[in-house]
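In this text the structure is predicted, and so the values were computed from the model without any measurement. Letters A, B, ... mirror the listed sequences (proteins, then strands); counts begin at 1.
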There are 2 protein chains.
Amino acid sequence: MQVVAQVSQQRLLDRLAQLARFGALENGGVDRQALSTAELDARAWLIDWAGSLGCEVITDDSANLFIRRAGQEALPPVVTGSHIDTQPSGGNLDGCYGVIAGMECLSALHEAGIVTRRPIEVAVWMNEEGSRFAPGAMGSSAYVEPTRLNDYLAHQDARGTTVAQALQQCHERFPHLPRRARVPFAAFIELHIEQGPVLEQAALPLAVVSGIQGVRWYQVTCYGESAHAGTTPMAMRQDAMTLARRTAHQVELAMAHLPAEELRLTFGRWDITPNAINTTASQVSFTIDFRHADASVLAEFDAVMQQFAAVNVQVKSLFHHQSVAFDVGLIAQQHASAEALGIAAMKLMSGAFHDAMHLAGHCPTSMFFVPSHCGISHNPAEHTDPQYLYLGAKALAHCLTELANQSEGVNP
Amino acid sequence: MQVVAQVSQQRLLDRLAQLARFGALENGGVDRQALSTAELDARAWLIDWAGSLGCEVITDDSANLFIRRAGQEALPPVVTGSHIDTQPSGGNLDGCYGVIAGMECLSALHEAGIVTRRPIEVAVWMNEEGSRFAPGAMGSSAYVEPTRLNDYLAHQDARGTTVAQALQQCHERFPHLPRRARVPFAAFIELHIEQGPVLEQAALPLAVVSGIQGVRWYQVTCYGESAHAGTTPMAMRQDAMTLARRTAHQVELAMAHLPAEELRLTFGRWDITPNAINTTASQVSFTIDFRHADASVLAEFDAVMQQFAAVNVQVKSLFHHQSVAFDVGLIAQQHASAEALGIAAMKLMSGAFHDAMHLAGHCPTSMFFVPSHCGISHNPAEHTDPQYLYLGAKALAHCLTELANQSEGVNP
């Protein structure tokens, strides 16, 4: 509680505003692509700040940063953090809030003059957004599975710069940072904006995230024949748009048994040929984004999709990721911290991906969410009530301090 | 019957092939835009041919051509014909068949040495396709309502050439053709390919066309909010694609009481924003093409569409045209001609527009259709069995000769 008392809302907001200057856009948003000049400038600013708090800054081959506050014992650290790269027209909270709130916890510990038993680190994961180099969560996934880095090195941005070249530029900019291979973590807790409307609708300031939904992306292509809208009777048509609309509806019906609050089913992208007013479609492709927390439901969905494959319906899997359940011990500590601070918190599944999804393969992992106004994210209009940003940072400070002082391993 | 006996399948096919050389494409199709060099060359070829048959060639301010075979008396002519302009990648039958078959009738009359009581003219209407200059049916509509020509003169093609300039080039190429203002027609009968699959499906060589369906074009724009496909529960979404799919289905349901063989309802063009896999749509526009022969059904459809207008659904009329019923006296003569020649003919409504749609406002008008293989048109693959082309020309020759020899007006 001594630490929590040192968490400052004003300092938190000031530092968020300072970070937002790196890559600031005229529309109020931020364009700070992974390993860009603006992002390297922001790293330099963070590294200076870390030094002023007496922290060590460590990097690794993937240019992840670890801002380390030493503990009393040389135990695996309790780690928080997120990312500071943004979408091309992003807001100043996605990722940044988790990093700056983590730094705020280190500042609070520093001001309270408390040294925890375990070290505490703020991680800054490289290229979470994936908007400069695909895929996203590059740094955190390579941290957990180091062999992945070799696969990523040749990936190029739109100008042909490779990940390898961008990493080299980053390492050359910060030649004095020690590099560290993967080490065990006692725990990883990521604080993030929800990027959805649920907390705001529930009028609650905080969520303890129970896991990340698994996702299935499919592309369904329906084939027909283009024919004249006036001369072709309905019975003689093979209108690919009619087939596509019917297929989408059948997918909805097939999953309609799920409780409404669990269902996430989106037909987002459509391509129609020839897309003319007075001609029936010869080909229509549409995508399906389906998400669920339960592996058996995801498997059921895969089976449903296979049933739709036919001579005139092609079903193609574009992407899939299994669901992740966060650590029950951490979740219990998060609820205990919220309760100790009198912060009302709900349970929530994450529908979006985060670095924590990969860290869950490395150590006990969980997340906190604060509300996103209107659920808006990846947009300059991204906004969270400053009071909620403050409560989230306090909950994180309490939780990190408790975990770092536990005498046992954090996993019950 | 003397005239019909002189109709030659070989000559008909040869002349169609000759016309197809003007603007021929490597893919076997034709690109002969209205008033283009290729089309003017084709006109010169037609004019020479007309002279060899002893016919007079007349033009008008809209560069329509009238190839006139004199009658015994100075009565209003019986007119047939169509157009020789094509789509940019068109076939060699759409329009051309009606002109060449009309010329075949004049050849047959010439060879039979018969002079009909009334003159017979083959009209070549300017810019039916509308692919170089919008709108289509420019020549025939300006013929029937001459004040329209002034509205058309400033319309430009893709290179900025105006209709006025293109008309002037045509008139300068053929300076000796006499110009004629609008004159009364005894009748207009247009022979055309069906451009639909009905005759082929019915395995019949000929249709007597009872009229042209009226058409309604609407654009429906549905508004929603873009939201993350993973983080936004279904109940909190305003997915414009879901709204658009539901609205299209409700339009279908509203017109489902129509007999299936009468229904022509097409949702052809869709525009989706942002059209991304993992984001719900903020805006979806789709078009509706609805056609019917009955003015009361078209009015009912207009009323249905107005009911869908709402805060988040914008309903916009893009285009409309009333249905046209062809002349019952001509239809009776067409059936009599088919019967006299032993040609099985069905009744059919036209779903596509033709020059005859406008001529119906000027004189007793009707059409014959011959089958289109697979209903394909506006495409190099456009094809009709040569035997059917021959039967259509024979039916036209019989019908024109009968009408031109009637002592009474052709309208009963």
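- Of all the listed residues (A:A227, A:G375, A:P233), the one sharing the greatest number of non-hydrogen pairs under 4.5 Å with chain B is A:P233.
- For B:A202, the side chain to side chain contact (heavy atoms under 4.5 Å, CB included) test picks out B:L204, B:M346, with sequence neighbours left out.
- At a 4.5 Å heavy-atom cutoff, the contact between A:M234 and chain B is made by backbone and side-chain atoms alike.
- Each salt bridge (Lys or Arg N to Asp or Glu O under 4.0 Å) pair with one or both residues in residues 317-326 of chain B, not counting sequence neighbours, would appear here, but there are none.
- Heavy-atom pairs under 4.5 Å with chain A peak, among B:C374, B:A352, B:A276, B:P274, at B:A276.
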Could you work out all donor-acceptor pairs shorter than 3.5 Å where one atom is in chain B and the other in chain A?
residue	atom	partner	partner atom	Å
B:Q195	O	A:T231	OG1	2.5
B:G230	O	A:R264	NE	3.0
B:T231	OG1	A:Q195	O	2.6
B:R237	NH1	A:L265	O	3.3
B:R237	NH1	A:T266	OG1	2.6
B:R245	NH1	A:E252	OE2	3.2
B:R245	NH2	A:E252	OE1	2.8
B:R245	NH2	A:E252	OE2	3.4
B:E252	OE1	A:R245	NH2	2.8
B:E252	OE2	A:R245	NH1	3.2
B:E252	OE2	A:R245	NH2	3.4
B:R264	NE	A:G230	O	3.0
B:L265	O	A:R237	NH1	3.4
B:T266	OG1	A:R237	NH1	2.6
B:W270	N	A:N275	OD1	2.8
B:W270	O	A:N275	ND2	3.1
B:N275	OD1	A:W270	N	2.8
B:N275	ND2	A:W270	O	3.1

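- The residue among B:G196, B:P197, B:A260, B:A281 with the most heavy atom pairs within less than 4.5 Å of chain A is B:P197.
- Within the 4.5 angstrom heavy-atom criterion, atoms from both the backbone and the side chain of B:L265 approach chain A.
- Applying the ring pair (Phe, Tyr, Trp, His ring centres under 6.0 Å) criterion to B:F290, with sequence neighbours excluded, gives B:F301.
- For a residue to count as touching a neighbouring chain, one of its non-hydrogen atoms must lie under 4.5 Å from one of that chain's; by this rule B:I277 touches chain A with backbone and side chain alike.
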